[in-house]
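Counting from 1, the numbers follow the sequence of the chain as shown.
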Amino acid sequence: MRLILGAAVFGFGLLGLGLLAQSHHAVFIQAKIKVRAAQSFAVVDSVHNVQTAVSGRDITVIGYADTLDEKKLLLAQLNQINGRRTVVDELDVLPSISPYVFSAHKTSFQTTYDGLVPTENARDMLRLHLDDAADNLLLASGSPDRAWPAVVNLSLEALDTLLRGELHVQDRHVRLTGLAHTPEVKAYAETVLLGVPIDYVVETDLDIYIDDRPADFELLYSVIDGVSVNGRVPAGMNATRIAEILNVREVSGDIDRSILSDSGLAQSQMRVLAYWLPDLESARLKIDTESMEFDVTLPPAMDRQQVYRSLQTSLFPDTIVTVETTDQPPQPGTVRLNASNRRVEEFYDGYWLPVVSFEPTPEQCQQHARQALAQRKITFVAGSDQLHVQSSRAINSVAAILRHCTTHTDVTIALEGYVDRPGNATQNAALRQGRAMTLRQALLDRGISGDAIAQPGRRNKGAFVATTNRVIELEQERIPLGWSGSLEAETEAEDN
């Protein structure tokens, strides 16, 4: 019995060693096949860096083949690898296109691109000039040689120096036409193209920009569509510079430049527009040799007379100013994206209030109100309880926050007017009361319940959020806002 048992155990051990050796051998063969597949010269030299994967003894080849002949060569070499079982073909053959073309069209506003790209590496190279527009080029075979992407890049460098122009690269033929700002720029563009290989044909037709006409342009703004500019702008200005002045993302349109006109006047007019832009429904600025016109359209509840007086004071004296109120107010609850500040706004009873979304705790309400007032102040006309029209944006922002807070939490808004100036105590007390009542009415007009606003003059304990002082005719005037019935421990020190 002992001898038989020992033999059985010995036999089982041999079987285990056999299986282990077989498994180790299979892994060894798979590793060898993987190395041979990856090092196959057809794979290494493939135009589009094809990849191979090995599972067991099966080889899968993945990616793009530049031509059908390249695909056949890849599969043939992989099929010759010793030890492989099957070759799985997951190759796509690129379309072969002739003639092989790339083109670019540059205006004073933008440059557009169209055409082909031979490899993904070439696409990445062209991003130097095209950025994300490189993604729109069609991947296709048929380029005349490996230098073709570098030729396109060099040609784009020459195009970039021009005010406007056309670039057309077809096979080994390069044609660049356009308008250079100066003779020096024209010479530089032509010098850049000297770097194109000698077996390419290069043709240029470049003119020098000569325009002694003064600036003559029209700027249009729509709260939905944004800003467009058409015409001749002064020297030193372009779409990018105008977008910077107006603090908007982009400016569309067809822009030329006058080499004579100074940009100072146009920039000063645009800065006035930039101040008002988020509050407007539409605007038009027209500057030519004969006149300057500044037209704006306001939301329904905005004070047209105050805006008119402010613009007359701020703009160049000879500017023709027109201020209108929109005659087609939207339905209550209408939501839009303001093109100037990219804020989502909701229409409420004549006012566009920013849409807010945060957890309406007293702490969060206080923080958001402070942030809103830090961006724009609430001010009054000197010596009166009339709100400055420039306060509309600040009140709209604060009102949106207060509506959100008073709708979802049980808090009360505390208001108190301040007048920081010497004078008759009785008159100042009346002015303080009047200003608090004016602000209270402004909040009521924007949808805040009267039950959520404490009567002016009764200071409840609350964390007060005040506008920073703004000097108007040597008077410092402010309105604080606060929450009552909350944050008692925090606010006692503030009230002292």
Check against salt bridge (charged side-chain N to carboxylate O under 4.0 Å, His left out), R127 and D135: CA-CA 9 Å; R127 289 187 195 280; D135 295 332; 2.6 Å; yes
Salt bridge (charged side-chain N to carboxylate O under 4.0 Å, His left out) evaluation trace for D256 with R232: CA-CA 4 Å; D256 281 333; R232 255 184 337 275; over 6 Å; no
Within 6.0 Å of CD in E244, more than 12 heavy atoms from elsewhere: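 Yes.
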Identified side chain to side chain donor-acceptor pair (under 3.5 Å) counterpart of Y308 within the set Q305, R304, Q312: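 Output: one option passes, namely Q312.
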Close aromatic pair by centroid cut-off 6.0 Å: F358 and H368: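 Yes, they do, as the ring centres are separated by less than 6.0 Å.
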Within 45° cone of Y113 ring axis and under 6.0 Å: R123 NZ or CZ: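 No, R123 does not lie over the aromatic ring of Y113.
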Y348 six-ring face occupied by R403 cation (under 6.0 Å, within 45°):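 Geometry flag: set, cation within 6.0 Å and 45°.
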Please determine, by modelled atom types, if [X] and [Y] share a side-chain donor-acceptor pair under 3.5 angstrom.
X    : Y    : value
E345 : Y351 : no
E157 : N153 : no
S340 : N338 : yes

If every non-hydrogen atom of [X] is compared with every non-hydrogen atom of [Y], which pair is closest and at what distance?
X    : Y    : result
H388 : F380 : CD2-O, 3.0 Å
I245 : M237 : CD1-CE, 4.0 Å
S392 : R446 : O-NH2, 4.5 Å
V223 : R336 : CG1-NH1, 3.5 Å
R164 : T107 : CB-CA, 4.0 Å
L126 : L137 : CD1-CD1, 3.8 Å

Going by an N to O cut-off under 4.0 Å, is there a salt bridge joining [X] and [Y]?
X    : Y    : result
E293 : R284 : yes
K286 : D216 : yes
D145 : R172 : yes

Validation row: L116, S143 side chains within 4.5 angstrom (heavy atoms):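 Heavy-atom side-chain distance check fails, nothing below 4.5 Å.
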Stepwise side chain to side chain contact (heavy atoms under 4.5 Å, CB included) test for D445 and D349: CA-CA 7 Å; D445 292 343; D349 201 17; 5.8 Å; no
